[in-house]
Amino acid sequence: MKKTILALSALCLVAFTSCKEDATAKINSDNVAAAAERDANAADYPVISFDETEHDFGTIVNGTPVETKFKYTNTGKAPLVVSNIKSTCGCTVPSDWNRDPLAPGESAEFTVKFNGKGTNQVQKSITLTTNTEKGSEIVKIKAFVQPDPNAKNAKAGSAAIKPVK
């Protein structure tokens, strides 16, 4: 028992005497100031503001291609980067966007082409991958697609069968 107490006392003595250096003396005040400034600026995300977040093409005839432009502005305090734009399907194609950083206050735009296929009310979403706080933004297009009056009226199950030679 005496040996255990003696060994424990020796261990404590070594532990307390080896930590004589003052940790606060190792702190560089310049590094603390630089870290505080970096952390303050990290909260300044760019903010993207759109002229419109949903565009309505109105009533269109099936198969009529249409397009629109979405204009956006960086209303934040940091440069805005739009790294990718994609749609929910292949019938809607975003293009012509600026991949360079957009300074605060600057504006840009991108084009969305819709092939006009569908029936009745059609709505598509376009997702922008950005460096905003959310990381992505969504805009939408919609249209009411009417059947083409010049198209042949085919009934279900009325396909013609061609003979094989």
Side-chain angles (χ1 to χ4, degrees), residues 26-165:
K26 293 182 179 181
I27 297 174
N28 184 343
S29 61
D30 292 336
N31 290 345
V32 171
E37 182 178 342
R38 181 192 68 230
D39 291 346
N41 289 337
D44 291 338
Y45 288 100
V47 177
I48 189 168
S49 299
F50 293 94
D51 285 358
E52 65 176 346
T53 57
E54 186 173 301
H55 181 78
D56 188 355
F57 288 111
T59 302
I60 60 173
V61 175
N62 189 18
T64 304
V66 291
E67 71 177 57
T68 187
K69 292 185 183 280
F70 282 96
K71 185 176 179 184
Y72 58 94
T73 304
N74 180 2
T75 57
K77 296 180 181 178
L80 171 68
V81 177
V82 177
S83 58
N84 193 19
I85 302 178
K86 61 183 179 179
S87 67
T88 52
C89 74
C91 63
T92 307
V93 181
S95 61
D96 303 330
W97 76 87
N98 184 0
R99 290 164 175 83
D100 297 329
L102 197 62
E106 288 186 343
S107 296
E109 63 185 18
F110 63 94
T111 304
V112 175
K113 297 178 182 178
F114 173 56
N115 69 2
K117 298 285 185 181
T119 56
N120 298 323
Q121 189 67 39
V122 177
Q123 182 169 322
K124 305 294 179 181
S125 296
I126 299 94
T127 303
L128 290 79
T129 304
T130 64
N131 63 334
T132 58
E133 187 171 9
K134 291 189 329 185
S136 65
E137 306 292 330
I138 296 176
V139 294
K140 296 178 181 181
I141 61 167
K142 66 180 182 177
F144 186 83
V145 182
Q146 289 182 333
D148 185 356
N150 297 324
K152 294 180 182 177
N153 292 333
K155 295 180 183 177
S158 65
I161 299 174
K162 295 182 182 179
V164 179
K165 292 183 181 182

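Reckoned from all heavy atoms, side chains included, excluding hydrogens, waters and symmetry mates.
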Query raised in the report: Is the side chain of N74 donor-acceptor paired with the backbone N or O of P101 at a distance under 3.5 Å, no angle test?
Result: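 Not confirmed, N74 side chain does not pair with P101 backbone.
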Report task. Mark yes or no for whether N84, through its side chain, and L128, through its backbone, hold a donor-acceptor pair below 3.5 Å. Result ->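 No, the answer is negative, given that no donor and acceptor are paired below the 3.5 Å cut-off.
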What pair of heavy atoms forms the shortest contact from [X] to [Y], and how long is it?
X: E137; Y: F50; answer: CB-CE1, 4.2 Å
X: L102; Y: Y72; answer: CD2-CE1, 3.8 Å
X: C91; Y: K124; answer: SG-CE, 3.5 Å
X: I138; Y: S125; answer: CG2-CB, 4.1 Å
X: I141; Y: F114; answer: CD1-CB, 3.7 Å
X: F110; Y: I126; answer: CE1-CG2, 4.2 Å

**Report entry** Steps toward side chain to side chain contact (heavy atoms under 4.5 Å, CB included) verdict (Q146, I60)
**Finding:** CA-CA 6 Å; Q146 289 182 333; I60 60 173; over 6 Å; no
Rounded to the nearest 0.5 Å, how far does [atom2] of [Y] lie from [atom1] of [X]?
X: I48; Y: S107; atom1: CD1; atom2: OG; answer: 10.0 Å
X: H55; Y: E67; atom1: NE2; atom2: CD; answer: 10.0 Å
X: F57; Y: T68; atom1: CZ; atom2: OG1; answer: 5.0 Å
X: E106; Y: T75; atom1: CD; atom2: OG1; answer: 13.0 Å
X: D56; Y: Q121; atom1: CG; atom2: CD; answer: 6.5 Å
X: T92; Y: K113; atom1: OG1; atom2: NZ; answer: 12.5 Å

Query raised in the report: Mind checking whether V82 and N98 have side chains closer than 4.5 Å, heavy atoms only?
Result: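 No, their side chains stay 4.5 Å or more apart.
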Query raised in the report: Do S87 and V112 have side-chain heavy atoms sitting under 4.5 Å apart?
Result: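 No; the side chains remain at least 4.5 Å from each other.
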Query raised in the report: Does the side chain of K69 come under 3.5 Å of the side chain of T111 through a donor N or O and an acceptor N or O?
Result: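 Yes, side-chain donor-acceptor contact under 3.5 Å.
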